[in-house]
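So you know, we letter chains A, B, ... as the sequences are listed, proteins then strands, and number each from 1. When reading the values below, keep in mind they use all heavy atoms of this one structure, side chains included, and skip hydrogens, waters and symmetry mates. Just so it is clear, the structure is predicted and the values come from calculations on it, not from any experiment.
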Amino acid sequence: MFVSEASPTSEPHAPPWLADLNPEQHAAAVHRDGHLLVLAGAGTGKTTTVCARVAWLIEEGVAPERILLLTFTRRAAREMLARAGALTRSAPGGGARRVVGGTFHAAAHRLVRAHAAALGLAQDFALLDAADAADLLDLVRQEQGLSETGRRFPRKHTLADLCSRTVNAQRPLRELLASDFPWCEEHGDALAELFRAFAARKRELGVLDLDDLLLYWRALVLDPAAGRHIAQGIDHVLVDEYQDVNGLQVDIVAGLADHGCTVTAVGNDFQAIYGFRSASAGHILGFPAQFAGAATVTLERNYRSGQGLLDVANAVAAQDADGFPKVLRAQRGGGEVPRLVFCRDQTHEAAEVCDRVLAAREEGMLLREQAVLARTGHDTDLLELELSRRRIPYVKYGGLRYLEAAHVKDFLAVLRLTDRLGDEMSWFRVLLLLEGVGPNRARRALDHLLAGGPPPAAELPARWETARAELPSGAREHGDALVAALAGAQDAGAAAGAERLRDALAPLVRAKYPDGAVRLQDLDALCGLAGEAADLRTFVAELVIDPPSSSSDLAVAPHLDDDWLVLSTVHSAKGLEWQSVHVIAAYDGNFPACMAVGTKESIAEERRLLYVALTRARRSLTVYVPRRYYHRPTGRDDGHGYGKASRFLSPDVQALCEVVHLADDPAAAAPVPAPGAQARITVSVDELFA
DNA sequence: GTTTCAGCGTTTTTT
DNA sequence: ACGCTGAAAC
């Protein structure tokens, strides 16, 4: 292996990626011996530093394929590898392009596939996404008769959440129930039994959920022989966003370190926002103690924003006394004083955001340099209406996920069947699409299809022949077409196979959904994406691990211009930045969410969430507080509450902002008279029916 | 015996 | 948009 002797770091001819770093960044990039923790505040050049470190390691002679770069999203992995790749183009062997990078789950998937036999897993195991797991839990619950206990039993998504959090936190279920789900405690026994049955069922079906990927990876690392074998292929593990790892992930990293890998963890405890997924900032705080001999480098120089904005962010951060001290210092001058805008309600807020976005656009700021951030995917509903009305193009990240749409799940079920003809859950879903087929007939047809084990491809036509007899005549023709397409898709490539299945599914989608034509466009987009994958199994698995985070990830919709506004949840905005950021719906009950006011720690997490939102802005930041908001955005009744500003926007924080109280829109401002104050205005059509 | 559909209440954040 | 319920439709 090529090992370079000289370190180029201190020479006058240091490579530009080192020359441009500040002293702390430089120290992190060229740290030589042992583990390293980089505490990188918002906007302090974290990505630059990680990329420089990857480049430096390669320059030092570490083979790129022996560097494992674990990131939080696929997008982050892509960006870092591209930037590091550009730095190391001249390195022997292709440089950073050969670095192994991706999310924990993607890396786990590769390893678990490679070691499937040792883990006692079928080679063709399938992956369940969170919704699939919830559906299977629901099924097991029904089989166990747990839905008839009389007392309200947790819903399937709650069940999935409970199960997942128990596994990811590696805490006993009872403890979790007592601390975080006291209203479910009475079902403790039933839940424990359900989750055991769920695990058994997954094994039976040959499926893994996302948590299982981590569990199996950890099992591999902790196994002396397998662990050594895996670690022998890795010299350096770099973990981005370490404040958002959970106990399982820490076990994996620590296991690799025990086998001799060197760990670099990068993160910022004040941006820990995934506690609901059992992540804990305690892991980054405990890193120096857990990883012996680890050095710590702190980055506090902020290159993103002006001091006016950082003063506000620092003031919010100062409300929390725990963790490492965090003060960001601006390196750039300029930037505006953040604005805090009080408006009437969310309709008013939407109009105001549109006005300001368009005004900035007039002054030359592209729409894509501006973003609107919100606590929940829901918060942008009214804004989306207003944007559409004004024909302002936008793309939304986070919120409603593509893969959860029913028609997409239908399609994925068919895709999965191509290489798993014994996939009971997928068959069930597909059969239900046929007209006149409900749970009972689907069950009976399924018994024929799967009689005596999964059907070998050669036997599929014969088994289908008996199964279709259970179905009403109106369903048979479409069923025939689907089965024929399944048979045909097995030999075709990914692209042709997906096309074929789409065509067979099309009439069913059109029949089932009123807006079938629109939904078919989604399937077309998925077909396009499938064409890029090696085969359909890989395609479906990768889709589950790295779901497209917006419709634009799938395909650029034809109505979009090349310039568009970004709408995002704060969670999905992590790690991103824009010239101008609008944070909407910053009322108490949303920041913090009313669901989260239970414990001190969950309120602290909400504060960090607001902090993440504020620190996304480079030049201009506007925070909106609607004075009145509606409990039911879609509700017909006018139920509303009176919103106070987020408690995190305390007087001392507000003092650092330009506070704007917008006059009520005159048309809407006329006060609604109290009932009885005047003669009621009535409408009657009775006379028409006299 | 089964499926289907209308009506009603509810919905945090995501790999 | 989804889950649950009860009643209509096949």
Side-chain angles (χ1 to χ4, degrees), chain A residues 70-77 102-109 127-131 133-135 138 147 152-153 155-158 160-161 164-165 168 209-214 241 244-246 248-249 272-279 373-379 381 397-407 409 432 434-444 470-475 511-515 519 542-547 549 568-574 585 589-597 602 605-606 608-610 612-613 631-637:
Chain A
L70 295 171
T71 56
F72 207 69
T73 62
R74 176 187 45 173
R75 194 168 35 192
T103 62
F104 271 92
H105 289 88
H109 181 232
L127 294 185
L128 305 182
D129 66 21
D135 286 342
D138 208 37
S147 41
R152 206 180 78 231
F153 203 71
R155 295 192 185 295
K156 67 177 182 180
H157 288 290
T158 313
D161 189 33
S164 183
R165 286 180 60 164
N168 280 296
D209 64 21
L210 288 166
D211 304 329
D212 290 328
L213 285 176
L214 297 183
E241 310 280 13
D244 285 320
V245 296
N246 63 39
L248 272 183
Q249 294 166 324
I273 54 175
Y274 279 89
F276 66 93
R277 232 168 61 185
S278 295
L373 307 184
R375 173 70 182 82
T376 73
H378 215 59
D379 291 327
D381 286 355
Y397 292 106
L400 252 182
R401 299 223 117 22
Y402 237 66
L403 298 190
E404 302 203 357
H407 60 294
K409 303 217 71 172
L432 284 183
L434 300 169
E435 201 187 333
V437 180
N440 292 296
R441 284 172 180 152
R443 186 73 255 163
R444 285 202 292 270
E470 299 287 350
L471 309 178
S473 54
K512 182 176 170 189
Y513 307 99
D515 55 344
R519 291 176 186 249
E542 285 177 354
L543 217 48
V544 167
I545 295 170
D546 286 321
S549 54
S568 176
T569 60
V570 182
H571 283 91
S572 295
K574 191 169 73 152
N590 212 25
F591 282 103
C594 51
M595 319 283 282
V597 292
S602 64
E605 177 152 319
E606 299 284 313
R608 296 192 293 263
L609 196 58
L610 179 62
V612 169
H631 287 306
R632 278 180 274 277
T634 52
R636 275 135 264 217
D637 57 348

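Remark: A/E542 pairs with no residue by the salt bridge (Lys or Arg N to Asp or Glu O under 4.0 Å) rule, at least two apart or across chains. Considering only residues two or more places apart in sequence or on other chains, A/D138 meets the side-chain hydrogen bond (donor to acceptor under 3.5 Å, both in side chains) condition with A/R141. Under the ring-ring contact (aromatic ring centres under 6.0 Å, His included) criterion, A/H571 pairs with A/Y274, A/F276, not counting sequence neighbours. A/T103 pairs by the side-chain hydrogen bond (donor to acceptor under 3.5 Å, both in side chains) definition with nothing, not counting sequence neighbours.
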Every protein N/O within reach of nucleotides 4-10 of chain C N/O, cut-off under 3.5 Å:
none

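If you check B/dT14, B/dT3, B/dT4 against the side chain of A/S572, the one that comes closest is B/dT14. Set against C/dC2, B/dT15, B/dT13, the side chain of A/A406 has C/dC2 as its closest nucleotide. Distances from the side chain of A/K156 to the nucleotides C/dG3, B/dT4, B/dT14 place C/dG3 closest. Listed nucleotides: B/dT4, B/dT2, B/dT15. Nearest to the side chain of A/R277: B/dT15.
Per the stacking criterion (ring centres < 5.5 Å, plane angle < 30°), A/F72 does not stack onto the base of B/dT15.
With hydrogens and angles ignored, the 3.5 Å screen pairs a side-chain donor or acceptor of A/R441 with a backbone N or O of A/G436.
In this structure, A/F104 reaches neither bases nor backbone, as no heavy-atom distance under 4.0 Å exists between it and the strands shown. Across all strands, A/V570 comes closer than 4.0 Å to no nucleic acid atom at all (heavy-atom distances). Within 4.0 Å (heavy atoms only), A/P472 reaches no atom of the nucleic acid at all. Among the atoms of the strands shown, only primed sugar atoms or phosphate atoms (P, OP1, OP2) are found under 4.0 Å from some heavy atom of A/R444. As judged by a 4.0 angstrom heavy-atom cut-off over every strand, A/E435 is placed among residues touching the sugar-phosphate backbone only. Among the heavy atoms of the strands, none lies under 4.0 Å from A/L214.
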Wobble G-U and Watson-Crick pairs count when both distances are under 3.5 Å; given that, what is the 5' to 3' dot-bracket string of DNA chain B, with | for pairing to other strands? ||||||||||.....
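The phosphate of C/dA1 (OP1 or OP2) has a side-chain N or O of A/R519 nearer than 4.0 angstrom.
Of the residues near DNA chain B, A/G438 and A/R375, the one whose nearest nucleotide (by heavy atom distance) lies more toward the 5' end is A/G438.
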Salt bridge (Lys or Arg N to Asp or Glu O under 4.0 Å) between A/K409 and A/D129, intermediate numbers included: CA-CA 10 Å; A/K409 303 217 71 172; A/D129 66 21; 3.6 Å; yes
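When only modelled atom types and interatomic distance are considered, A/D379 and A/T376 share a side-chain donor-acceptor pair under 3.5 Å.
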